[in-house]
Structure formats: C-alpha cells, structure tokens
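As a basis for the values below, the full set of heavy atoms in this structure was taken, side chains included, without hydrogen atoms, waters or symmetry mates.
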Amino acid sequence: MADPEVTPPPAVRDRLAYRVKCRLLGPPLVTEQLSHEKLGNPLALGVLASDCISSTAYGSEEMLRILVPVVGAAAFTLLMPVTGAILLVLLLLTLSYRDVVSVYTRAGGSYVVARENFGPRVAQIAAVALLVDYIVTVAVQTAAGTDALISLAHLTGDGYTGLDHLKLPITTGIVVLLMYGNLRGIREAGRTFAAPAYLFMLAVALMLVVGLVRALDGGLPHADLHAGGVVPLGQAQSGWLYGASLFMVLRAFANGGSSLTGLEAISNSVSVFRSPQGVNARRTLTVMSCVLGTMVLGVSALAHFTHAVPYTDGNPTVIAQEADLVFGSGWAGTAGLVYVQLATALILYTGANTPFTGFPFLASFVAEDRFLPRKLMRRGHRLAFSSGIIALTVVALALLLVTGANVDKLVALYAIGVFTGFTMAAAGMTAHYWRRRESHWKTGVNLAAAVVSALVVVIFAITKFTEGAWLVVVVFPLGVWALIRINREYREEAAALEEMTPFDDEPRWRRHFVYVLVDVLDLATVKALRYAHELRPDEVRAVHFAIDETRARRLAARWEELPGTNVPLELVECPDRRLRHAVAGLASRVTADGTTALTLLVPRRTYARPLGALLHTDSGDELAKTLQRLPNVAVTVVPFDVTVAMERLRARRA
C-alpha cells in the first residue's frame, strides 16, 4: 500500500524586520555552534588584561589633575607616594582575588562570591556595582582611546588639530561599532584580542627603557608647565604635603584608584581557562597585577621626571606627552610616538569591548536568579545576549552625551562601582574562610582588602560627590531596591501560579456558548464562524456591537443574505462607543448563573508590516485583557492573513 501523500508545510514568509536583521548581522546561528574555547595562560593574559592594564593610560593623569592646581610643580613629587599607596591597594586586592579565582571557578566574580556567602539579596549590591562598572568602563575606555588619537594629532601637528570637536562623534561611533560587532557574535578570544595588550605592554616598556637610558645619559626634558591650555598651576608651600590638604590628597588617591579598574576581569572569566582552572587563573592574575603595578609606577615616574602636565580639555594626554618627551624629535622619535599612541588607542578600545561580554553574562546570571527580567537570559540571533548588549550601549551612550566624553568627568562615576565590587568580593572571601576556620592569614588579608576597598568607596563618595559621584550614590540604593523589587514580583507570581487546588476533571459547566464578535462580514468572520462550529458548543451566536446605527443595519441586511449559515446575528447597542465595557457587560450577563461557559471568538486580520500596523487597529489583545478576570469567560483570537488572500486574488486575476 502506497504511503499517503504528505502535504508540505506552508511557506512562512519572514517579517521585514527579520530580513533586515539577517542582512545586517548575518544568518542566525544554532545553539550547537555555541562553543567555549579554553585559553592558555599567555593567551588569557592578553585577552583578559586589556581592560585592566589600559587604565595605565589615564590613572596617573587623573591624580595630577587634582594635585597640580593645588601645589603646582610639587605635584610631581607628591605623585609618587600617592602612587605607592595605590600599589599597596593593588597588592591587597591581588592577594584577595587569588583566593576568589581558586575557590569560585564559575564565571561571575564578586557577584557569585557575595551570593554564596551573604545570600542573593545582599549579592545585589555586587550586581549593581558590577553593572555600573561595566557601563562606565565602556564610556571611559572609548573616550580615553579617542583622546589618544587626538593627542597624536596634537603632537604631530604643531600643537593644533581640528579633531577636538569630533571627540564625541568619534567616541559614540566606536561604541556603536562595538555594539554591532558583538551583536554579530564576535567572541573575546583568540590572538586578535590578545595582540593589543601585548602591543601596549611593549609600547610602555619601550618608553620606560628609552626614558631610563636618556635619564642616565644626562636627563630628560621637561614639559612646559605654562603652555596654553594646561590646568591652572597652584603654588607649593611648606609642609610634608607642600600645602595640600589631606582632603585634596585623598581626592588624588581616589582618582588614581581608576588605575585598578579591570582587576576583576579574570575572576569573571575563570571558566575560560584550561584545567586546572583555579591554578591557571591565579598565575595569570599574578602576572597581570605585576605588569599593571610596573606600568602604573613607570608612567607616574616618567611624569615625575618630565613634568608632563594635564591639559584642561584632556589633549594631549600625559602619557602622550611622556612619549613625545622621551623619544624626542626626528623620524625615530615620531615613529615611537605614533606607535605608543596607536597602541594606547587600540588597547583602550579593546578594553571597552570587554564589558560587551561581561555585562550581558552578568545580567543573565542575575536574571537567572530572578532579580532582572528573564528576557536577559535569552540568546539572540547570533547567540549573543542581544538585550544586554543593547541596554549597555544605550546607557553608555547616554553617559557620553551627558559628560561630553570627558574622561575626568566620567572617572567621578567610575571608582565607586569598581571598589564596591572589590569590597563585596573581599568581604565574601573573609566570610568564607572565617566560617571554615581554614586560614587566619587568608582571613586577615581578605579582611584588610575589604576594609581598604570600602575606605576608597567612602573617600570617593565624599571627595567627588559634587563632581558627579552623587549620581552613583543615588543610583546604587535605587538599583538594589529595583532588583529586589523585581525578585519579589517574580516570587509572588510563582507562588500564585503554583498554589494548586485539588484538580477535578469533571465538567463544571452545564452549558457552553460561543459568540463570534463581528465587525464586518468578510472571510475572516467566516473563518471564525467555521471554527465556532468545530468547538461543538451548545449555542453559536454572532454578535455585533452597534456603535454606528446605520452601519449596523447594513451589516444585518447583508448577514441575512449570507448563504449556508443558520447563526443569528445579534445587535447590541453601544451608544457611548465604549466597546470593552459593552463586551464585558454582555459576558457577565451570559455567565451570571455560574454554570454557563462563554468563549468569545475575535477575528484578527493580519496585514503586511509595517503598512498594515499603520492602516489598521487590533482590539483582540485589549479585549482579552479586559475579560481575563471573569472566571467563566475565554477569549480566542482567530487569525486571518489578509496579505495571503490579496496574493491569491492577484494570482486569479492574472
């Protein structure tokens, strides 16, 4: 016996928006293509360290921005002990994060540490801190990268460039480009993303070596402290702080804390290391911290000897001036300057790409714990967390527009989030070792790291409050409250849906009526009538709510002429044109006895978008929302594709 002929499935036409998405992002990827590449230590260092070591490009400059207007040239001497204090904080945090990556080998960093040791509600402090950190990182890194390019134009163009007014457009363009690349599914792995880190390390090493040779050979040249556009110079006084108040030194220390941003990157990505993951992550973290400490100390030392002073508008940058002074004039000096600045811009832009991986992953973790909307857990067209990427881009662009892509203004929003995350991670590890009584040494180190990080948060909140830190101080509690409120909503919804009563499969209703809501008599209405009969109800009725009396009479007359149906058309007066109220009233009357069930069929005519959405309205969903509280009423939308009917008509005419 021959197999019955199988009817092929109907061709489903993709919507315009989907076709545009495929054209822009490429064909969709399937879940099987989601692979996880394991990285060796050298490659992992290059991939994960870009966000961390790139902060060398602006950390020392941010300290000088505070000190120079207060104590003038003495700031270059005061810079060194402040840098030393920052390196001490780096040492404590490195010891703490070595424990983090050893104990918690799942991605998530301080959020996972806080959740495991303090519970999910307290962990939302770390979640908000990390989310804010990722957002500001995108803005700071891209703005600083553009500064590096504009500084190169300044120093190679006789002190003048026409690019200054293009800083904001260039920076926003880079952010949009990073968003586009990540929506296409680029992955933060491989030699492509590792190269900028090593190029930048080589650039700074070259600058330090040449600077040391020149210093031993007769000294380094000094920058002009009175050049046009530099920050105002203060006057040094007597005393161990050269007349600077402790408040100003603490402000400089807080600004310099931006040099340590990105230190948590390895703890957020332990899972990408080869086995044994904890051991390899510890080694890579140690190397990264040593490299960062050497570079921060070296850039501050060069500033100390060359007196490279910040400019009011941010260009040329301190590190660009150092490269210019160290390498000198001539073709070799220009080549060295160009290399340093291009490597700096490249690693800053690469560092800005790191949050496009970290932010969506963290948001998916938090959403999995039901503290953020669940749609953040869904992978998009190219297996990226598209919703998280778009959200990160929108907020980062808003920050750039508000601050004019000014790195100094953005840093005021930076360190609070960064060091709050450090505090939560170190405090979590302190609690971890305290409960297990495993190591007094590790407990003490992590406690010291937590206390120091918390002090930096307090210092930054106080000293930079009027410069924008107030925004983060306000956003933090609001953000934590919002996440906890979302979680409460999810928990209450789940509790309501899971409260099962004893299930009785016996029919509760004696009668079942089906009413077809009729607006016009057409193929969509006929389809709904046919479906109504297939339900085998006790009664089928067509109902038209008469908003326009003349139109209603015409419909009734045409209904009488409809062949092949014995379904009556009932006209219901609706003089006030409040359709939803009229439908709800009818449904309530029909089901008032408690033993009658009513199904309302709503024909829905679908049209080609976007023109169809502009020319037609759809009330089916609104009616369903209106009637959802009535216990014995169900609303079923019966779709009818008008576009297909139009194509068939054109084919018959042709």
Heavy-atom side-chain proximity of Met424 to Tyr111 below 4.5 angstrom
no

Any donor-acceptor pair under 3.5 Å linking the side-chain atoms of Ser300 with those of Ser60?
yes

Establish, from distance only, whether the side-chain atoms of Asn182 and Asn353 form a donor-acceptor pair under 3.5 Å.
yes

Work out which heavy atom in Thr56 is nearest to a heavy atom in Ile53; give both atom names and the distance.
OG1-O, 2.8 Å

Closest approach of Thr344 and Ala148, non-hydrogen atoms and distance?
CG2-CB, 4.1 Å

So which heavy atom on Ala461 is nearest to which on Val473, and how close?
CB-CG2, 4.1 Å

Between CG on residue Leu372 and CG on residue Asn487, distance to nearest 0.5 Å:
10.0 Å

Does any N or O in the side chain of Glu61 come within less than 3.5 Å of the main-chain N or O of Val318, such that one atom is a donor and the other an acceptor?
yes

Going by the angle between their ring planes, with limits at 30° and 60°, are Phe365 and Phe361 parallel, tilted or perpendicular?
tilted

Okay, side chain of Lys167, backbone of Asp147: is any donor-acceptor separation there less than 3.5 Å?
no

Heavy-atom nearest pair, Leu64 first then Pro310, reads CB-CG, 3.7 Å

Ring centres of Tyr97 and Phe422 under 6.0 Å apart?
yes

Between CD1 of Ile174 and CD of Gln141, what distance do you get to the nearest 0.5 Å?
13.0 Å

Using only atom types and a distance under 3.5 Å, with no angle test, would you say the side chain of Thr284 pairs donor to acceptor with the backbone of Ala281?
no

Would you confirm whether Tyr349, through its side chain, and Thr146, through its main-chain N or O, come within 3.5 Å as a donor-acceptor pair?
yes

Less than 4.5 Å apart, any side-chain heavy atom of Thr354 and any of Thr137?
no

With distance as the sole test, does Ser289 use its side chain to make a donor-acceptor pair with the main-chain N or O of Thr94 at under 3.5 Å?
no

Does Thr142 reach the main-chain N or O of Ala139 with its side chain, forming a donor-acceptor pair under 3.5 Å?
yes

Closest contact, heavy atoms only, Ala197 versus Ile347
CA-CD1, 3.7 Å

Between Gly59 and Ser259 the two heavy atoms that sit nearest each other are CA-OG, 3.1 Å

Student check: side-chain heavy atoms of Leu348 and Ser54 closer than 4.5 Å
yes

Do Val456 and Phe253 make a side-chain contact, defined as non-hydrogen atoms from C-beta onward lying under 4.5 Å apart?
yes

Atom CZ of Arg370 with >12 non-hydrogen neighbours under 6.0 angstrom
yes

Steps toward side-chain contact (heavy atoms from CB on, under 4.5 Å) verdict (Leu87, Leu90):
CA-CA 5 Å; Leu87 294 181; Leu90 172 62; 4.2 Å; yes

Verify side-chain contact (heavy atoms from CB on, under 4.5 Å) between Ser453 and Leu93, making sure each step is shown before the conclusion.
CA-CA 8 Å; Ser453 299; Leu93 290 174; 3.3 Å; yes

Taking C-beta and beyond as the side chain, do Trp434 and Asn446 meet within less than 4.5 Å on heavy atoms?
no

Check against side-chain contact (heavy atoms from CB on, under 4.5 Å), Leu260 and Leu292:
CA-CA 8 Å; Leu260 307 184; Leu292 174 63; 4.2 Å; yes

Answer yes or no: is there a donor N or O on one side and an acceptor on the other, between the side chain of Asn117 and the main chain of Val113, under 3.5 Å?
yes

Could you check if a side-chain atom of Leu392 sits within less than 4.5 angstrom of a side-chain atom of Pro355, using non-hydrogen atoms only?
yes

Rounded to the nearest 0.5 Å, what's the gap from CD1 on Ile266 to CZ on Arg282? Could you check?
12.5 Å

dist Leu342:CG -> Phe200:CZ (nearest 0.5 Å) comes out at 12.5 Å

Looking only at side chains, do Asp369 and Tyr490 share a donor and an acceptor under 3.5 Å apart?
no

Got a donor-acceptor contact below 3.5 angstrom from the Ser110 side chain to the Ala425 backbone?
no

Can you tell me how far CG of Leu45 sits from CG of Asn280, rounded to the nearest 0.5 angstrom?
12.5 Å

Quick check: does any side chain N or O of Gln124 sit under 3.5 Å from a backbone N or O of Pro120, one acting as donor and the other as acceptor?
yes

I'd like to check Ile319 versus Tyr58 (side-chain heavy atoms, cut-off strictly below 4.5 Å). Are they in contact?
no

CA sep, side-chain torsions, deciding dist, call: Phe359, Val138, side-chain contact (heavy atoms from CB on, under 4.5 Å):
CA-CA 10 Å; Phe359 182 96; Val138 173; over 6 Å; no

Rounded to the nearest 0.5 Å, what separates atom SG in Cys52 from atom CE in Met295?
9.5 Å

What I'd like to find out is whether the side chain of Val287 reaches to under 4.5 Å of the side chain of Val291, using heavy atoms alone.
yes

Pi-cation contact, Phe371 with Arg121 (under 6.0 Å, within 45°):
no

